[in-house]
Structure formats: C-alpha cells, structure tokens
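In what follows, a single structure is set out as structure tokens and then discussed.
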Amino acid sequence: MAKTNFVIAIDGFSSCGKSTVAKALAKQLNFVFVDSGAMYRAVTLYFIQQGVDMEDEGGVASAIEDIHIDFVPNNQQTQILLNGEDVSDAIRTMEVSSLVSEVSALKQVRTAMVAQQQKLGAKRNIVMDGRDIGTTVFPKADLKVFMTADPYIRAERRFAELAAKGEQLTMEEVVENLAHRDHIDSTREESPLRQAEDAIILDNSQLTQEQQLEFVLDLYQQAKKSSAK
Ligand code: DC
C-alpha cells in the first residue's frame, strides 16, 4: 500500500535547539511532534528512582517492561508521562542529563525505544528529533535535517536554560556535560549519532528561531514537491 504520511527526522548534537525547531515546524504543519530524547530521559529517571543497575541485564530488561511513556498535549505544551506521572520537568535536571547518555547506549533500552518511536510515526505525519532518527528509526524519512552549532554557543544556551530553572551550575560543568554526551552519543556501538548521508545540514549558530523555521519550511516544501513526483 502506498505510504500516505510524511516523516521529518531532525538529528544533531545535544543542545543544538533541535526540539525548538522541530516543535515549531510541527506546529506550523499541524504534524505530531515527538522529542525522542525525552523518552531516553524518562527511562533514565526511572532507573535513578528505582535504583536500576545498568550492568544487570536482567534488571534492565524487567525495568523496561515496567516503563510506559506517553506524550499528552496540554495547552501549548506536550507533557511527557512516565507510568502516568507528569515528568516533563523532572527529566530536565542535571542529574538525569549526566546519566542519560550511558542509559541510552544500552542495547535493550535502544531496541525498546526505537520500536516505540517507529510505532508513533507509522501512520502519522510526524516531526521527530533525536540522534538516530534519520539513520535508524526512520531511514526512509521524507526529510532529514542534521543540526549543528558552535560548541560554545550551545553551552551558553544550555547554561541559560538551566539557570532559568534555578539549577546552580558553572559554565565549565555545562561544557563538560555537553562534551561528555557528544562523545558517548557518537561513539556508542548501538546506532551512534551521525549524519545520515541524505540529511541536510542546518548550522544554527548565527540564526534566529524564525530563520531556522523558515529554512526547514523551505526544505519541507521542496521535499513535498519531490515526493509528489
Ligand atoms: O535530545 P536530548 O539532549 O534531550 O537527549 C538526551 C539524551 O538521549 C542524549 O544525550 C542521547 C540520548 N538520545 C539518543 O540516544 N537517541 C535519540 N534518538 C535521542 C536522544
């Protein structure tokens, strides 16, 4: 049967503003938006709360069975629910950020999350952001964007975001966390972060949010035209 939905994959490094662009694009196009990083963060939060040992394969497997993640629209926001509880803020703490790359490198975690993500995008028009969306989750996505930005600018953005939430961190700690996550995300065995061959690069170091949205909307129009051919 012919495919009727349109899938947009947005990948890239940590704190590049992927979710901001993906969310704005989904809103503009009236597509579903899924932040796949939020799913790995929710799993990490669960591991912290339940004291799951990452080295214990059996423990990890049974923990995954007990994890149910849902996205629920709420006014302008999408809440993320972990076993029915709203964890939208709890997954953004530095405690979660410092463990999430290790948890998301686990094969069992990836297999479970990728399957859920594929299900979410199977029949819908969707914008999904993450690290391996264009390479592993939706290798046949209709449009793939790979986002990057100057590391210092990324750290500044992340620092401001955390400070606004009252997290007391130094700029060095933020720089270190980003470098640490980039390293693990791009060197892990299971679907490492890398640019898909057919992805288009968006370096947003010097672009406003409006300019980024304009850029991806333009790409969407072009991709739409060529998929209609
Ligand atoms: O997008 P984010 O920074 O909230 O993602 C948190 C972590 O989740 C990131 O360090 C790596 C992992 N992640 C992943 O491995 N694969 C994805 N598709 C999305 C995120």
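Read the numbers this way: they start at 1 and go in the same order the structure lists the ligands and their atoms.
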request  = Over 60° means perpendicular and under 30° means parallel, so classify the ring planes of Phe146 and Phe13, tilted if in between.
outcome  =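 Ring orientation, 0 to 90° scale: perpendicular.
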query = Just heavy atoms, cut-off under 4.0 Å: does Gln117 contact ligand 1 by side chain, backbone, both, or neither?
reply =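 The answer is neither; Gln117 stays 4.0 Å or more away.
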Which protein heavy atom lies closest to [atom], and at what distance to 0.1 Å?
atom: atom 19 (C) of ligand 1; result: Ser36 OG, 3.3 Å
atom: atom 12 (C) of ligand 1; result: Ser104 OG, 3.4 Å
atom: atom 4 (O) of ligand 1; result: Arg41 NE, 2.7 Å
atom: atom 9 (C) of ligand 1; result: Arg131 NH2, 3.2 Å

So for ligand 1, is [X] a polar contact partner (N or O within less than 3.5 Å, distance only)?
X: Asp35; result: no
X: Arg110; result: yes
X: Tyr40; result: no
X: Asp129; result: no

Distance filter under 4.0 Å to [X] heavy atoms, resulting ligand 1 atoms:
X: Arg92; result: 4 (O)
X: Ser101; result: 10 (O)
X: Asp185; result: 9 (C), 10 (O), 11 (C)
X: Arg188; result: 14 (C), 15 (O), 16 (N)

task = Examine the side chains of Ser191 and Arg131 and answer whether a donor and an acceptor come within less than 3.5 Å of each other.
result =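 Per modelled atom types, Ser191 and Arg131 side chains form no pair under 3.5 Å.
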Test item: [X] and [Y] side chains (from C-beta on) under 4.5 Å apart, heavy atoms:
X: Gln195; Y: Asp11; value: no
X: Ser14; Y: Asp185; value: yes
X: Glu57; Y: Lys107; value: no

ask   = Quick one: which of Arg158, Arg92, Glu167, His180 gives a side-chain hydrogen bond (donor to acceptor under 3.5 Å, both in side chains) with Ser97?
value =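 The passing option is Arg158.
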query = Among Gln211, Arg157, Arg154, which residue meets the side-chain hydrogen bond (donor to acceptor under 3.5 Å, both in side chains) test with Asn204?
reply =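 Testing each of Gln211, Arg157, Arg154 against Asn204, the sole residue satisfying side-chain hydrogen bond (donor to acceptor under 3.5 Å, both in side chains) is Arg157.
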inquiry  = Test: side-chain hydrogen bond (donor to acceptor under 3.5 Å, both in side chains). Region: residues 16-25. Which pairs qualify, not counting sequence neighbours?
reply    =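 Listed once each, the pairs are Ser19-Asp129.
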